[in-house]
2 protein chains.
Amino acid sequence: MYAAGMTELEKGPLGRRRGRGARERILGASQQLFREQGINSTGMDQLCAVAQVSKRTAYQHFAGKDELVAEYLRRFDPEVMPTVFDRADLTPRERLLAAFEMPASTPLCPYIGAAVELHDPEHPASRYAREYKTSIAARLTGAAREAGATDPEQLGEQLALLIDGASARTRVLNRESWSTAKAIAVVLIDSALPASSAR
Amino acid sequence: MYAAGMTELEKGPLGRRRGRGARERILGASQQLFREQGINSTGMDQLCAVAQVSKRTAYQHFAGKDELVAEYLRRFDPEVMPTVFDRADLTPRERLLAAFEMPASTPLCPYIGAAVELHDPEHPASRYAREYKTSIAARLTGAAREAGATDPEQLGEQLALLIDGASARTRVLNRESWSTAKAIAVVLIDSALPASSAR
DNA sequence: ATCGCCCGGTACCGATCGGTGTACTTAGCT
DNA sequence: AGCTAAGTACACCGATCGGTACCGGGCGAT
């Protein structure tokens, strides 16, 4: 496994002091550049320049670009999705629909982009993309269960597919498709809920 | 416009004789390699080697890789989609559902792949991908209208989104998602048809 | 036979890629 | 202070990219 935990503080156990946060700047530049211009189109030289970090330093923090890409995906964790499932002020049904409220700030879910660009299912980043997408479906399934769906697993998988569809279609057409996805979600949810716990 | 017409015969009008079909071999190798290993991961050297064509010849038929990629997309036209809409033996409803019968031979619709890999909305291939995706939605809308949908445009766009979702999700998860997409399509169609021309 | 057109082979170009080596400067703790 | 780890600057490596120049051969039409 990778050292996913050391986000911004030192390692802790040993009294390891911490130099000026180069690692954080690298990850920050990754978030910006990989999303804006893709993974393969972003060279390490440019990335290090943006991060204001020596190339040497970058390769002391990450074994290679592959590992950096994987860590970039692990750090992404869109600010939207996680919070959606914790909002207690929403009904289960509203929580399911909230996943489709994309503020157009998300051009393309980077997990799809990484899987397509890297083109290797065994690449660390591809593995994590799979893992993450599965976890999203699981969370949707959980919310569907709370909402009282007759087949929560099916509804969760269906909603996950809608999210990916809107993401891919938005990218290809250069035009947002989240409203369409949400309209479908409404139909699916209404037809999957026994009309009892509709609200 | 490009000379999309000269598939295997000579130009005709002038008595231009025809060399051994180098162009066709190049396009054939493109179909194979671009789909199997992606666009950016396929070098022109490898492509020419597979096509058994000199590199010099390749660049006499195509101004550059970009143009070759665009032509590759134009030639793709999956054998599945076009035929689906012409099958007179199916009811309109069955025709709408037939679009989701993917024989697992389609790993990822190459239009999505191209748009993600090339990462430039103005790239000729990206333009054509947009164009093609729009035409698929239009054809679905047409079929939806024949089926008597209350809002054919909406249903067509929704079904198109399902196709893209299944395609993207299949790629990321390395596991087919067409059955899920079809299940959603059934719900959408049944809810969009006034139950009169259900069959 | 001879001419001209495709075509294949191959070496090559400049640019860029991911990644490294070396020597120097900084920052933080004791 | 003084030690040490972290970071910087910069040159450099081999590989590969898309694309081109040049040369020699095969084949169809005249």
Side-chain angles (χ1 to χ4, degrees), chain A residues 3 6 8-30 33-34 37-72 114 117-120 123-125, chain B residues 3 6 8-12 14-30 33-34 37-72 117-120 123-125:
Chain A
M6 62 183 286
E8 55 187 32
L9 292 182
E10 75 281 39
K11 293 293 285 298
L14 286 177
R16 180 94 65 86
R17 60 186 85 71
R18 169 170 78 96
R20 248 338 240 151
R23 186 183 177 99
E24 294 309 308
R25 292 204 305 274
I26 298 172
L27 270 317
S30 301
L33 294 177
F34 287 155
Q37 43 182 338
I39 295 173
N40 289 333
S41 310
T42 301
M44 290 297 288
D45 290 291
Q46 183 193 6
L47 198 149
C48 290
V50 170
Q52 291 187 350
V53 154
S54 168
K55 222 174 158 190
R56 203 70 190 80
T57 305
Y59 281 96
Q60 262 157 0
H61 281 287
F62 303 95
K65 191 184 184 182
D66 291 346
E67 206 166 317
L68 174 59
V69 171
E71 191 65 22
Y72 143 72
E117 278 201 81
L118 302 176
H119 225 277
D120 174 14
H123 190 290
Chain B
M6 62 180 282
E8 55 186 34
L9 293 181
E10 75 279 41
K11 293 290 288 295
L14 287 175
R16 180 95 64 88
R17 63 183 85 71
R18 169 174 76 97
R20 251 331 245 144
R23 188 184 174 96
E24 294 310 308
R25 292 205 303 274
I26 298 173
L27 269 318
S30 301
L33 294 177
F34 286 158
Q37 41 183 328
I39 295 173
N40 288 332
S41 311
T42 300
M44 290 299 288
D45 290 291
Q46 183 194 5
L47 199 149
C48 291
V50 170
Q52 291 186 351
V53 154
S54 166
K55 234 175 147 187
R56 191 78 183 84
T57 305
Y59 280 96
Q60 261 158 1
H61 282 285
F62 302 94
K65 190 183 183 181
D66 291 346
E67 205 166 316
L68 174 58
V69 171
E71 191 66 22
Y72 142 72
E117 279 201 81
L118 302 176
H119 225 277
D120 174 14
H123 189 290

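In what follows, every chain begins at residue 1, and chains take the letters A, B, ... in the order their sequences are listed.
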Practice problem: For DNA chain D, determine which residues of residues 43-52 of chain A have any heavy atom closer than 4.0 angstrom to one of its atoms, and list them numerically. | Solution: A:Gln52
Practice problem: Measure from the side chain of A:Lys65, starting at C-beta and using heavy atoms only, and say which of C:dC7, D:dT8, C:dG19 lies closest. | Solution: C:dG19
Practice problem: Measure across A:Val53 and A:Ala58 and return the closest heavy-atom pair with its distance rounded to 0.1 Å. | Solution: CG1-N, 4.0 Å
Quiz item: salt bridge (charged side-chain N to carboxylate O under 4.0 Å, His left out): which pairs involve residues 49-66 of chain A, sequence neighbours left out?
Solution: A:Asp45-A:Lys55
Atom pairs, protein N/O to nucleotides 20-25 of chain C N/O, distance under 3.5 Å:
residue: C:dG21; atom: N7; partner: A:Arg56; partner atom: NE; Å: 3.0

Practice problem: Only counting residues at least two apart or in another chain, list the ones meeting side-chain contact (heavy atoms from CB on, under 4.5 Å) with B:Gln52. | Solution: B:Arg25
What pairs of nitrogen or oxygen atoms, one from the protein and one from nucleotides 25-27 of chain D, lie under 3.5 Å apart?
none

Quiz prompt | Below 4.0 Å: OP1/OP2 of D:dG7 and any side-chain N or O of A:His61 | solution = yes
Exercise. Indicate, with a heavy-atom threshold strictly under 4.0 Å, whether B:Ser41 touches base, sugar-phosphate, or nothing.
Key: nothing
Quiz item: If we fit an axis to the first five pairs and another to the last five of the helix from C:dA1-D:dT30 to C:dT30-D:dA1, what angle do they make, to the nearest 10°?
Solution: 10°
Quiz item: Nearest of D:dG19, D:dG7, C:dG18 to any side-chain atom of A:Ala22?
Solution: D:dG7
Exercise. Calculate, to the nearest 0.5 Å, the distance between atoms CD1 and CD belonging to A:Ile39 and A:Glu117 respectively.
Key: 5.0 Å
Self-check item: Rounded interatomic separation in angstrom, taking NE2 from A:His123 and C1' from C:dG18
Solution: 12 Å
Quiz item: Looking at D:dG7, does its base get a donor-acceptor pair with the side chain of A:Ser54 below 3.5 Å?
Solution: no
Quiz item: side-chain hydrogen bond (donor to acceptor under 3.5 Å, both in side chains) with A:Gln37: which residues, sequence neighbours excluded?
Solution: A:Gln46
Quiz item: Rounding to a whole Å, what distance do you find between B:Gln37:CD and D:dC17:C1'?
Solution: 14 Å
